[in-house]
Amino acid sequence: MSIKSIRDLSLRGKRLFLRVDFNVPLDEHRKVSDNTRIRAALPTLEFAQQQGARVILASHLGRPKGQANARYSLKPVAEELAKQLQQDVPFANDCLGSEAEAVTARLQNGQACLLENLRFHKEEEANDAGFSRQLAGLCDVYVNDAFGTAHRAHASTVGMIPFCREAAAGFLMQKELEYLGKLLENPEMPFVAVLGGAKVSDKIEVIQNLIGRVDALLIGGAMAYTFLLAQGLAVGKSLVERDKVNLAHDLMKQAADRKVQFLLPADHVIATKVDAAAETKIVNIADTPPEWMGLDIGPKTIELYREVLKSARTVFWNGPMGVFEMAPFAAGTVAVARALGECRGITVVGGGDSVAAVNQSGVADQITHISTGGGASLEFLSGIKLPGVAALEGK
Ligand code: AMP
């Protein structure tokens, strides 16, 4: 079913509720320390302003668990946004009630204000109908540009939409759906997915959905050890999910039946503890001593993965290849980031750690699409319809 674009709406003089993802990191002085997400929202926001909308920006920040908490206030975001737009951005100390009504009522055409953290009310995450209706009462039209929360059925992403006359997707949301959609519908082959990170359990659905679509799956990070254990290999003290070993076995069988390459590390960087100062060794997986743990993929694995990535026409990457936060265990993740940078095909990266690795490796501008939603992009690629997207359909 089709989704309207913000371009399809008539916005002049209208009160536009714009759900954005301003869940940004703050430093110890409560200043925005990384404004990537704010900048990502600017194309939609500036378009709305140019069209003469009265823009009511709304977002969550952190996990205040349904209570007002100064630590999670969006006030510093209003200040950062004012800097970016070079204009005053009025701030409402509550996302609804008299405070929100007063601030939004004073908006001029083309002006934007920001509401306080939606999650200061427990009704937001509970997708409460009364709360949804109140939010909808603030606006004439609704636009969702918060792809990063589209996998959550909350009041501001789902509940309020039936109470709004018109609803559409913003440019960032549209771009995410377009690039991630291409991965599932007719990707150029060979299509390679690189998956890493801590747990197999977080990636089961995405592996299952991708097995039928990719030519190769490259596995790294701690999650590789559950698969290696399922193959009967020695993994020492590496992180494994013992209750997922049978499932890992089954996933590898599905891949073999479909003639999908399922690649696991051949060698790794090991240490006796997760510590940047620990002694390290590089060994083949089968030679892992009992008291040691794997903390990064090794040079042979890097070479193997790089070779597969070189000829790929489509690549999706989520999750680090090791404990990349510590320099001695970062080489595998950096090498994958660089290999994506060199790849001539379509490259899509999702998930905070992989995105950070792409930025740190200086290859961000060589990546086709950097997703702003880690969890949302994984759910999308698992074949699950995102509630925030479904709610916009047919509206
Ligand atoms: P995830 O949130 O599932 O993408 O996992 C990311 C985390 O996995 C990062 O903090 C990494 O440090 C961690 N990680 C990756 N590889 C390993 C490993 N071999 N052993 C322990 N932790 C790992």
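For ligands, and for the atoms within them, numbers begin at 1 and follow the listed sequence. Predicted model only: the values in this text are computed from it and were never measured. Atoms considered below: every heavy atom in the structure, side chains included; atoms not considered: hydrogens, waters and symmetry mates. Position 1 is the first residue of the sequence, and the numbers go up from there.
In this structure, Lys182 does not pair ionically with Glu188, as no charged nitrogen and carboxylate oxygen lie closer than 4.0 Å.
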Which pairs of nitrogen or oxygen atoms, taken one from ligand 1 and one from the protein, are under 3.5 angstrom apart?
residue	atom	partner	partner atom	Å
ligand 1	3 (O)	Ala198	N	3.0
ligand 1	5 (O)	Ala198	N	3.0
ligand 1	8 (O)	Ala198	N	3.4
ligand 1	10 (O)	Glu325	OE2	2.5
ligand 1	12 (O)	Glu325	OE1	2.7
ligand 1	12 (O)	Glu325	OE2	3.2
ligand 1	16 (N)	Ala222	N	3.2
ligand 1	19 (N)	Gly294	O	3.0

Steps toward side chain to side chain contact (heavy atoms under 4.5 Å, CB included) verdict (Gln67, Lys122):
CA-CA 7 Å; Gln67 275 181 357; Lys122 64 180 184 325; over 6 Å; no

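You'll find the ring centres of Phe171 and Phe47 inside the 6.0 Å limit.
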Side-chain polar contacts of residues 218-232 - donor-acceptor pairs under 3.5 angstrom, sequence neighbours left out - could you list them?
residue	atom	partner	partner atom	Å
Tyr225	OH	His268	ND1	2.6
Thr226	OG1	Glu241	N	3.0

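Among residue pairs with one or both ends in residues 270-280, none qualify as salt bridge (charged side-chain N to carboxylate O under 4.0 Å, His left out); sequence neighbours excluded.
With sequence neighbours excluded, the residues forming a side-chain hydrogen bond (donor to acceptor under 3.5 Å, both in side chains) with Asn284 are Lys300, listed by chain and number.
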